Amino acid sequence: MRSLSRSRVAKIVLVSALLCVLPLCFAQKVYQDRLIRFALWASGDAYPGYFDAAKAEQNQRPEPETMYDVPVARIKEVAPFLLEGMLYGWKFDYVPYDRARGVEEYFSFEPVQALSEADLASIRYERPWAKDDRLWCWVAFERTTQMTQQFLSWQVITNPRVKGIGYARLIDGFSGIQTACGEAVKNAVREYERKLIKNKPKEVFGTVLISEPPLIGIDSGRYVVTLDFFLETDKIVKYETF
């Protein structure tokens with residue numbers, strides 16, 4: 001894992017008090033058109049009882065290189081998933097709930113393009129620190145010239161900017177973050193389309209591109225994911241008759 005080896009994590013944790021003074025809001029200061037940089041965390045006890053069981057077995061807290069295996073793996077799952085949404089975008093298919101027609105709400109999303117091996121190798125995990133039973137690090141990725149042009153094209157075309165918030169159970173781990181991101185996309189699309197379309201559509205297809213560093217928090221045992229997007233509506237299917 002680049003710049004986030006287990007041995008280095010163990011050493012850096014000793015100076016975590018200094019690293020913790022780095023303001024999280026700094027991620028918002030970076031110009032995302034060239035350098036993507038955001039803070040990402042994973043729980044130090046990603047699996048309930050993980051540390052307790054190991055402690056009872058060894059009669060001591062696990063060695064740092066062991067106790068950070070799980071959160072490091074979690075960060076390496078989440079970062080590429082979010083970067084797919086920031087570099088290439090997510091396609092979505094949204095069917096609004098319609099009580100009168102007996103239509104249940106449906107929503108799905110998937111990456112426009114998966115990260116290549118070169119993309120994955122270019123992800124940097126920098127300056128890890130521990131705070132409040134969480135392992136944090138900065139995730140950095142430098143866009144290629146083509147990626148930068150694609151990002152700027154979303155701004156030039158004046159695609160609307162929307163924001164959504166999604167929730168999911170903390171115990172679901174990585175799949176919970178995926179669920180929360182999907183809900184954030186759905187809520188952003190739903191609120192925008194409600195203002196744009198007078199009559200409820202049958203189905204909406206489109207693409208979103210994450211435009212700002214993602215924010216992931218916790219509220220009452222749930223992940224809370226806040227995402228800002230550029231929105232491109234590809235197709236709106238209307239009901240022909242009631």
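Keep in mind the model is a prediction, meaning the values are calculated, not measured.
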Next item on the list: Fit a plane to each ring of Phe81 and Trp90, take the angle between them on a 0 to 90° scale, and name the class: parallel (under 30°), tilted (30 to 60°) or perpendicular (over 60°).
Entry: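 Correct class here is parallel.
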
Where [X] and [Y] come nearest, the two heavy atoms and their spacing:
X      : Y      : value
Ala168 : Gly176 : CB-O, 2.9 Å
Leu135 : Ile75  : O-CD1, 3.8 Å
Pro71  : Ala42  : O-CB, 3.5 Å
Ile123 : Pro80  : CD1-CG, 4.0 Å
Leu82  : Ile210 : O-CD1, 3.9 Å
Val189 : Tyr94  : CG1-CD2, 4.2 Å

Between the main-chain N or O of [Y] and the side-chain N or O of [X], is there a donor-acceptor pair closer than 3.5 Å?
X      : Y      : answer
Lys200 : Tyr97  : yes
Glu232 : Thr207 : no
Asp228 : Ser211 : no
Asn159 : Trp154 : yes

Next item on the list: Output, in order, the C-alpha distance, side-chain angles, deciding distance and verdict of side chain to side chain contact (heavy atoms under 4.5 Å, CB included) for Arg34 and Thr145.
Entry: CA-CA 8 Å; Arg34 187 64 184 176; Thr145 299; 4.0 Å; yes

Atom [atom1] of [X] and atom [atom2] of [Y]: how far apart are they, to the nearest 0.5 Å?
X      : Y      : atom1 : atom2 : answer
Leu83  : Leu40  : CG    : CG    : 9.5 Å
Lys238 : Glu203 : NZ    : CD    : 15.0 Å
Phe151 : Arg143 : CZ    : CZ    : 5.0 Å
Tyr106 : Lys186 : OH    : NZ    : 12.5 Å
Phe141 : Arg124 : CZ    : CZ    : 9.5 Å
Glu126 : Cys137 : CD    : SG    : 8.5 Å

Linking I/L/V/M/F/W/Y whenever any side-chain heavy atoms sit under 4.5 Å apart, do [X] and [Y] land together?
X      : Y      : answer
Met147 : Leu120 : yes
Ile36  : Phe230 : no
Tyr167 : Val78  : no
Val95  : Phe205 : no
Ile165 : Leu227 : no

Throw together a table of side-chain donor-acceptor distances under 3.5 angstrom for residues 215-226, partners on residues two or more places apart or in other chains.
none

Next item on the list: Compute both the distance and the angle, then confirm whether Arg37 meets the cation-pi test with Trp138: under 6.0 Å from the six-membered ring centre, within 45 degrees of the axis.
Entry: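 Yes; both conditions hold, so Arg37 lies above the ring face of Trp138.
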
Checklist line | Intermediate values then yes/no, side chain to side chain contact (heavy atoms under 4.5 Å, CB included), Phe107 and Val185 | finding: CA-CA 9 Å; Phe107 181 84; Val185 177; 3.5 Å; yes

Notebook entry, point to check: Does the side chain of Asp132 come within less than 4.5 Å of Trp41's, by heavy atoms?
Noted result: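 Trp41 does not reach Asp132 side chain to side chain.
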
Check: Below 4.5 Å, heavy atoms only, C-beta onward: do Pro214 and Met86 meet side chain to side chain?
Finding: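 A side-chain contact under 4.5 Å exists here.
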
Margin query: Run the side chain to side chain contact (heavy atoms under 4.5 Å, CB included) test on Glu212 and Arg161 for me, step by step, so that the C-alpha distance in whole Å, both residues' side-chain angles and the decisive distance to 0.1 Å come before the verdict.
Written below: CA-CA 10 Å; Glu212 299 289 342; Arg161 301 189 67 161; 3.0 Å; yes

Check: Do you see a donor-acceptor pair shorter than 3.5 Å between the side chains of Thr233 and Glu193?
Finding: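 Yes.
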
Note to self: For a quick check under 3.5 Å, do Asp119 and Ser116 share a side-chain donor-acceptor pair by atom type?
What the structure shows: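 Present: a donor and an acceptor within the cut-off.
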
Next item on the list: List the steps, then state whether side chain to side chain contact (heavy atoms under 4.5 Å, CB included) holds for Tyr125 with Val72.
Entry: CA-CA 10 Å; Tyr125 301 90; Val72 165; over 6 Å; no

Checklist line | Other residues, nucleotides, ligands: >12 heavy atoms within 6.0 Å of Lys163 NZ | finding: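 Incorrect, the count does not exceed 12.
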
